[in-house]
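Both backbone and side-chain heavy atoms feed into the values below; hydrogens, waters and symmetry mates do not. All figures in this text were calculated on a predicted structure; none of them were measured in a lab.
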Amino acid sequence: MGIRFILMVNKQGQTRLAQYYEYLTLEERRALEGEIVRKCLARTEQQCSFVEHRNYKIVYRRYASLFFLVGVDNDENELAILEFIHLLVETMDRHFGNVCELDIMFHLEKAHFMLEEMVMNGCIVETSKANILTPIQLMEKSS
């Protein structure tokens with residue numbers, strides 16, 4: 001399948017956005033997020049951005065006060081996922097100006113919509129920033 005989940009977490013470890021592409025109960029999600037966030041936030045900047053946890057490979061990157069964590073299958077290309085994270089941040093930057101934690105908190109539906117335009121059923125389906133943002137801009141014009 002590829003991508004299993006995408007998390008956006010602040011420096012304190014609070015989840016600001018969570019998108020899952022496989023079924024997990026709320027208790028399983030809460031436990032998984034807690035373990036992964038503790039593991040990733042404890043790492044130094046000199047360590048690589050890949051961590052293996054349970055049956056997932058976690059690829060993460062920090063931008064300002066937000067950590068972007070993507071859980072993928074073990075056979076997924078880590079560098080491609082890092083590139084996907086960068087594309088996601090660039091897309092959000094283009095829409096919000098300079099994306100920050102508050103943009104995600106106050107415009108959560110737009111952040112989810114961007115993710116839904118980019119990823120379908122755990123597979124990356126769109127990489128064009130213009131194609132991702134056009135439906136959002138059209139919705140804003142109509143309202």
Side-chain angles (χ1 to χ4, degrees), residues 1-140:
M1 178 162 65
I3 297 175
R4 299 297 181 159
F5 57 85
I6 299 171
L7 303 173
M8 292 181 201
V9 179
N10 68 10
K11 288 191 280 190
Q12 289 76 39
Q14 298 166 315
T15 302
R16 294 300 178 203
L17 180 144
Q19 181 73 40
Y20 287 84
Y21 299 99
E22 67 178 358
Y23 177 76
L24 293 173
T25 65
L26 283 177
E27 293 79 24
E28 291 172 325
R29 288 181 184 194
R30 202 171 297 125
L32 180 68
E33 286 177 25
E35 294 166 9
I36 291 171
V37 167
R38 275 192 299 281
K39 193 178 265 193
C40 291
L41 267 59
R43 295 171 62 87
T44 65
E45 288 190 26
Q46 286 74 37
Q47 292 178 296
C48 75
S49 296
F50 318 130
V51 177
E52 289 191 7
H53 182 75
R54 295 189 194 172
N55 56 336
Y56 303 109
K57 191 183 302 180
I58 312 302
V59 181
Y60 69 95
R61 184 127 187 226
R62 178 180 169 196
Y63 286 91
S65 65
L66 281 175
F67 283 85
F68 292 77
L69 297 91
V70 180
V72 297
D73 295 327
N74 284 318
D75 59 344
E76 195 69 37
N77 184 333
E78 298 96 341
L79 296 178
I81 299 301
L82 272 177
E83 207 47 46
F84 165 75
I85 293 170
H86 188 67
L87 173 69
L88 177 61
V89 171
E90 283 182 335
T91 305
M92 290 183 169
D93 276 346
R94 184 179 285 185
H95 183 73
F96 294 119
N98 193 5
V99 69
C100 67
E101 182 179 352
L102 292 176
D103 291 321
I104 303 298
M105 290 172 60
F106 292 122
H107 304 284
L108 188 61
E109 71 287 345
K110 289 181 185 173
H112 272 287
F113 194 86
M114 286 180 209
L115 272 177
E116 289 168 5
E117 287 291 311
M118 297 173 79
V119 181
M120 185 178 293
N121 198 27
C123 298
I124 298 170
V125 294
E126 184 61 73
T127 58
S128 166
K129 291 177 218 147
N131 289 349
I132 295 164
L133 292 174
T134 299
I136 296 171
Q137 292 162 345
L138 289 172
M139 284 191 310
E140 287 177 343

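- The pair Glu101-Arg16 meets the salt-bridge criterion, since a charged nitrogen lies less than 4.0 angstrom from a carboxylate oxygen.
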Under the side-chain contact (heavy atoms from CB on, under 4.5 Å) criterion, do Asp103 and His95 qualify, and how do the steps go? CA-CA 10 Å; Asp103 291 321; His95 183 73; over 6 Å; no
Result block: side-chain N/O donor-acceptor pairs under 3.5 angstrom for residues 82-89, not counting sequence neighbours:
| unit_1 | atom_1 | unit_2 | atom_2 | d |
| --- | --- | --- | --- | --- |
| His86 | ND1 | Tyr63 | OH | 2.8 |
| His86 | NE2 | Glu90 | OE2 | 3.0 |

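- Under the 4.5 Å side-chain criterion, counting only non-hydrogen atoms from C-beta, Phe5 is in contact with Leu32.
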Check the pair Asp73, Arg4 against salt bridge (charged side-chain N to carboxylate O under 4.0 Å, His left out), reporting the backbone distance first and the verdict last. CA-CA 7 Å; Asp73 295 327; Arg4 299 297 181 159; 2.6 Å; yes
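- Contact of the Leu69 side chain with the Ile6 side chain is not registered, since no non-hydrogen atoms from C-beta on lie closer than 4.5 Å.
- The side-chain heavy atoms of Phe67 and Arg61, taken from C-beta on, include no pair separated by under 4.5 Å.
- Remark: side-chain polar atoms of Arg62 are paired, donor with acceptor, to backbone N or O of Ala64 under 3.5 angstrom.
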Check step by step if side-chain contact (heavy atoms from CB on, under 4.5 Å) holds for Tyr60 and Val51. CA-CA 8 Å; Tyr60 69 95; Val51 177; 3.8 Å; yes
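- Screening Glu78, Glu76, Glu52 against Lys57 for a salt bridge (Lys or Arg N to Asp or Glu O under 4.0 Å) leaves a single residue, Glu78.
- In this structure a side-chain-to-backbone donor-acceptor pair under 3.5 Å is present from Asp93 to Val99.
- No donor-acceptor distance shorter than 3.5 angstrom exists from the side chain of Glu33 to the backbone of Arg30, with no hydrogens or angles considered.
- Side-chain contact check for Leu133 versus Thr91: some heavy-atom pair is nearer than 4.5 Å.
- Once rounded to the nearest 0.5 Å, the distance linking SG of Cys48 with CZ of Arg43 reads 5.0 Å.
- In terms of heavy-atom proximity, Tyr21 sits nearest to Ile3 at CB-O, 3.6 Å.
- Listed by chain and residue number, Thr44 satisfy the side chain to side chain contact (heavy atoms under 4.5 Å, CB included) test with Gln46 (two or more places apart in sequence, or in another chain).
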Can you list, pair by pair, the side-chain donor-acceptor contacts under 3.5 Å of residues 108-118, counting residues two or more places apart and other chains?
| unit_1 | atom_1 | unit_2 | atom_2 | d |
| --- | --- | --- | --- | --- |
| Lys110 | NZ | Glu140 | OE2 | 2.5 |
| His112 | ND1 | Gln19 | OE1 | 2.8 |

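- No side-chain donor-acceptor contact under 3.5 Å links Asn131 to the backbone of Ser128.
- Judged by distance alone, the side chain of Gln12 and the main-chain N or O of Gln14 form no donor-acceptor pair under 3.5 Å.
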Between Glu35 and Arg54, does the side-chain contact (heavy atoms from CB on, under 4.5 Å) criterion hold? Intermediate values first, please. CA-CA 10 Å; Glu35 294 166 9; Arg54 295 189 194 172; 2.8 Å; yes
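- A heavy-atom distance below 4.5 Å is not found between the side chains of Leu7 and Leu17.
- We find the SG-CZ distance between Cys40 and Arg38 to be 11.5 Å, quoted to the nearest 0.5 Å.
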Audit row: His107, Met92, side-chain contact (heavy atoms from CB on, under 4.5 Å) steps and yes/no: CA-CA 11 Å; His107 304 284; Met92 290 183 169; over 6 Å; no
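- Within 6.0 Å of the CE atom in Met120, the count of heavy atoms belonging to other residues, nucleotides or ligands does not exceed 12.
- Annotation: side chain of Thr25 is in contact with side chain of Glu28 (closest heavy-atom distance under 4.5 Å).
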